Structure formats: C-alpha cells, structure tokens
Amino acid sequence: MTIEARAREFDLADPLAAARALFRLPDGVIYLDGNSLGALPRATPQVLARVVEEEWGEGLIGSWNRAGWFDMAARVGAKIAPLIGAAPQEVIACDSTSINLFKLIAAALQLRPGRKVILSEPGNFPTDLYMISGLEAQGLARRRLAAPERLAEALDGDVALLLLTHVHYKTGAVHDMAALTKAAHAAGALVLWDLSHSAGALPVDLNAAGADFAVGCGYKYLCGGPGAPAYAFVSARHLPRLSQPLTGWFGHEAPFAFVDDYAPAPGIARLLAGTPPILGLAALEVGVDLIASLGVARLYAKAQALSQFFLECLEALGVELELASPADAAARGSHLAFRHREAHAICQALIARGVIGDFRDPDVLRLGFAPAYLSFADMAAAARHLAEVLARGEWQRPEFRRRAAVT
Ligand SMILES: *Cc1c(COP(=O)(O)O)cnc(C)c1O
C-alpha cells in the first residue's frame with residue numbers, strides 16, 4: 001500500500017479530522033510550524049472585530065466593567081488551567097513567557113531565603129537561561145546548569161529553584177515532571193516548569209506532580225496569535241505568601257483605590273503588573289476555547305500518531321535522516337528534530353515547496369505536528385517533498401544558501 005493510501009485510511013478513522021475546518025490555512029501549504037506560531041482559528045477575526053467595534057468603539061471605557069475586561073486575564077487563565085492540570089484560580093494569562101519567568105524566579109528566591117542557585121540545563125530555551133542571568137547580574141541569583149542525567153546530583157542545599165522546559169524546544173524530549181519535581185522537593189528546592197511546547201499538545205498534570213510554578217506561551221499550540229499573552233501558574237499552597245517584584249497597580253488588592261502603598265491582590269491576580277492587553281486576550285481566548293473543545297487526550301494521541309506516521313513515510317521512501325528526537329513517541333512532545341549539516345538549506349527548499357517547518361541553529365530541521373489541524377495526508381505529502389528535496393539535491397540551489405542575516 002502506498003503511503004498516500006495508508007494516510008487516507010488514517011484520515012477516515014481520525015476523530016479530529018473535522019477540526020481542520022475550524023482553522024484558516026492557506027491553500028498549497030503544509031504547515032509544520034504550529035509549535036512556533038499556531039494557525040489562525042476561523043472564529044478569531046470576527047471575535048476581534050466585535051471586541052474592537054462594539055466593546056472598544058461603542059462601549060469605550062465602560063467596557064472594563066460591562067464587557068468583562070477586568071476579569072479577562074483571570075478568566076482566560078482559568079480556561080487554560082484544565083489543559084495543564086491546575087485549578088482555575090491558580091492560573092492567569094498575562095505578560096510574555098519571559099516576563100512571567102522573571103517574576104516567578106524572583107518569587108522562588110524570596111520563598112527560599114539563604115539559597116541563590118537557579119538550576120537548569122544547558123540548551124534550555126535561551127530566554128529561560130537569560131532571565132536567570134538577568135537576576136544574577138542584579139546579584140539576586142546564581143545560575144547553575146547541569147545535563148539532564150546530572151540534575152539529581154546538582155540539586156544541593158544551595159538550590160532555590162529548578163527551572164526546566166517540559167518539552168525541549170529543539171529535540172522534543174519530555175522531562176519526567178513528577179520525578180524531577182519530587183527530586184527537587186527532596187532537596188528543599190522549588191520547581192518552575194516552562195510548558196511552552198506542552199500545553200495544548202500533550203497532557204500536563206502540574207498538581208498531580210506537585211509542581212510549584214509554571215509558565216508557557218499563548219501563541220504556540222494554544223493558537224492565540226503572534227505575541228499572544230502568556231500564562232503563569234502558582235500552586236495554591238504558595239499563593240498566600242507569594243511575592244513577585246513587578247508590583248504594578250493591576251496586581252494590587254484594590255487597583256482603583258489609588259493608594260500610595262502596595263498590597264498584593266489575595267490570589268493569582270497578584271501576578272499582574274500593568275493593564276492587561278484586551279485585544280490579545282480576546283484572541284487568546286478563542287484559541288484556548290477551541291483547543292480545549294478538541295480535548296487534550298485526543299490531541300496528544302493524534303500528535304503521536306502523526307509524527308510516528310511521518311517517520312514511517314520517510315522510511316518507506318528510503319529517506320535516511322538523523323533523528324535528534326527520542327525515537328519512542330511516548331518520550332517526546334509534538335515535534336520532530338532532524339540533524340543535518342545542511343538543515344538550513346533543506347528547510348528553505350521545503351518552504352519553497354509549501355512545506356513550512358523551521359531551522360534551529362546550528363543543524364536542526366524542526367517539524368511540528370500540531371494535531372488540531374494537520375492530516376495524515378499532510379504527513380505523506382510532506383515526507384514525499386522532503387524525500388525529493390534530498391534525492392534531487394534541491395537544497396544545493398544558491399537561493400537556499402544561508403545569508404548573514406538569518407530570517
Ligand atoms: C517559545 C518559548 C518561549 C518564548 O518566550 P517569549 O517571552 O514569548 O518570547 C519561552 N520559553 C520556551 C521554552 C519557548 O519555547
């Protein structure tokens with residue numbers, strides 16, 4: 001049976017097949033970068049138009065109350081909560097992932113007086129490592145990096161916080177959240193999980209793992225749009241004592257009392273700093289509602305099936321590429337990484353054929369399998385494109401050569 005025939009059978013049996021129609025994807029494009037910028041839900045433009053024209057245009061400032069703008073950050077956070085195994089009052093949608101990292105790293109340091117070390121792994125997403133460095137430059141933290149297999153021994157009595165990305169942004173490898181959280185707690189440290197490549201793609205159970213803090217992106221699998229607000233989770237057991245350094249007026253217990261002295265809001269709202277971006281939250285809410293309606297368990301099952309089938313297609317087509325992701329689907333998230341010296345040119349050649357993946361320095365071709373809107377037919381077609389690019393040496397064409405300024 002051809003890979004196309006097998007894809008047809010998989011698509012006919014796919015319980016999520018109809019979900020593709022809920023997204024807008026350009027004709028002739030196979031979008032394998034939903035792990036970087038999720039596709040546009042069809043409902044988003046109308047919702048944004050309504051918020052702009054009715055709530056802003058007509059309701060003006062009254063919409064803070066009448067259209068529920070005040071509660072929006074908490075409301076969207078509460079909708080993200082079930083996707084990550086949190087209680088609704090433990091999650092808020094706000095700021096960027098980078099800024100939420102800063103707030104929660106600082107909060108962890110404050111909860112562990114006498115300890116300054118923030119432990120992470122080399123090769124973690126840059127912003128996670130840079131945000132630790134920023135606090136280090138302020139004299140507040142010390143950065144320590146240890147490879148995954150050495151994390152246990154690096155967890156000594158100086159470590160205030162273990163900061164890891166649950167699904168690695170390059171390789172897709174998944175950390176054992178429960179085991180690492182337990183190990184950190186045994187050493188007296190807190191744990192902060194970055195869920196940017198997890199939420200909406202695979203099941204996460206922060207509270208079952210006993211996690212302390214988490215952050216994540218709104219514009220990847222949650223389809224909130226470019227620069228969408230991120231989210232932050234604080235375990236209910238820490239909320240009453242949690243203090244974070246960006247003590248802006250929206251995190252105040254009574255923002256409109258306009259008093260001189262700061263007092264934090266009683267709950268998760270204390271993570272807010274300034275005025276929430278209402279348009280961004282409106283778009284994020286559409287994405288979160290849509291992904292939640294599809295069900296994380298079904299999304300995860302399909303993501304694994306898609307990436308597995310893609311690998312089978314490559315094998316059937318005789319493509320030999322070094323897989324930089326775990327070979328076992330259960331040990332990875334929703335994307336695959338392939339290592340090749342010419343990964344950049346291969347990626348460009350694929351894009352020229354309408355197969356949009358991405359390149360990660362220095363040698364990784366990253367293909368994301370967002371389960372909400374991809375089909376098995378997409379897998380077969382993308383695999384065939386990749387096979388042809390390699391077999392014909394198409395990537396050697398001068399227009400695919402890397403330029404000084406990387407796009
Ligand atoms: C995408 C991503 C981010 C992005 O952070 P921003 O502040 O939104 O730019 C952070 N961490 C990880 C692990 C990511 O994959």
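When reading the values below, keep in mind they use all heavy atoms of this one structure, side chains included, and skip hydrogens, waters and symmetry mates. Start at 1 and go down the list; that is how both ligands and their atoms are numbered. Only a predicted model underlies this, so the values are computations on that prediction, with no experimental measurement involved.
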A.B. asks: Tell me which pairs pass salt bridge (charged side-chain N to carboxylate O under 4.0 Å, His left out) where either residue lies in residues 326-337, with sequence neighbours left out.
C.D. replies: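 Of all non-adjacent pairs touching residues 326-337, none passes salt bridge (charged side-chain N to carboxylate O under 4.0 Å, His left out).
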A.B. asks: Is a salt bridge present between R75 and E285, judged by a nitrogen-to-oxygen distance below 4.0 Å?
C.D. replies: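 Yes, R75 and E285 are salt-bridged.
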A.B. asks: Tell me, which residues have any heavy atom less than 4.0 Å from some atom of ligand 1?
C.D. replies: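 Ligand 1 is contacted, at a heavy-atom distance under 4.0 Å, by S96, T97, S98, F125, T127, D128, T165, D194, S196, H197, C217, Y219, K220.
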A.B. asks: Show me the pairs that pass salt bridge (charged side-chain N to carboxylate O under 4.0 Å, His left out) and involve residues 370-389, at least two apart or across chains.
C.D. replies: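 Salt bridge (charged side-chain N to carboxylate O under 4.0 Å, His left out) check on residues 370-389 returns E4-R384, R20-D378, R353-E388, E388-R392.
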A.B. asks: Tell me which pairs pass salt bridge (charged side-chain N to carboxylate O under 4.0 Å, His left out) where either residue lies in residues 157-186, with sequence neighbours left out.
C.D. replies: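 As it turns out, there is no salt bridge (charged side-chain N to carboxylate O under 4.0 Å, His left out) pair with a partner in residues 157-186 once direct neighbours are skipped.
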A.B. asks: Working to the nearest 0.5 angstrom, can you tell me the gap between M379 CE and L374 CG?
C.D. replies: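 Nearest 0.5 Å value for the CE-CG distance: 4.5 Å.
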A.B. asks: Taking the six-membered ring of F125 (Phe, Tyr or Trp), confirm whether the NZ or CZ of K220 is under 6.0 Å from its centre and within 45° of its axis.
C.D. replies: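 That pair qualifies as a cation-pi contact.
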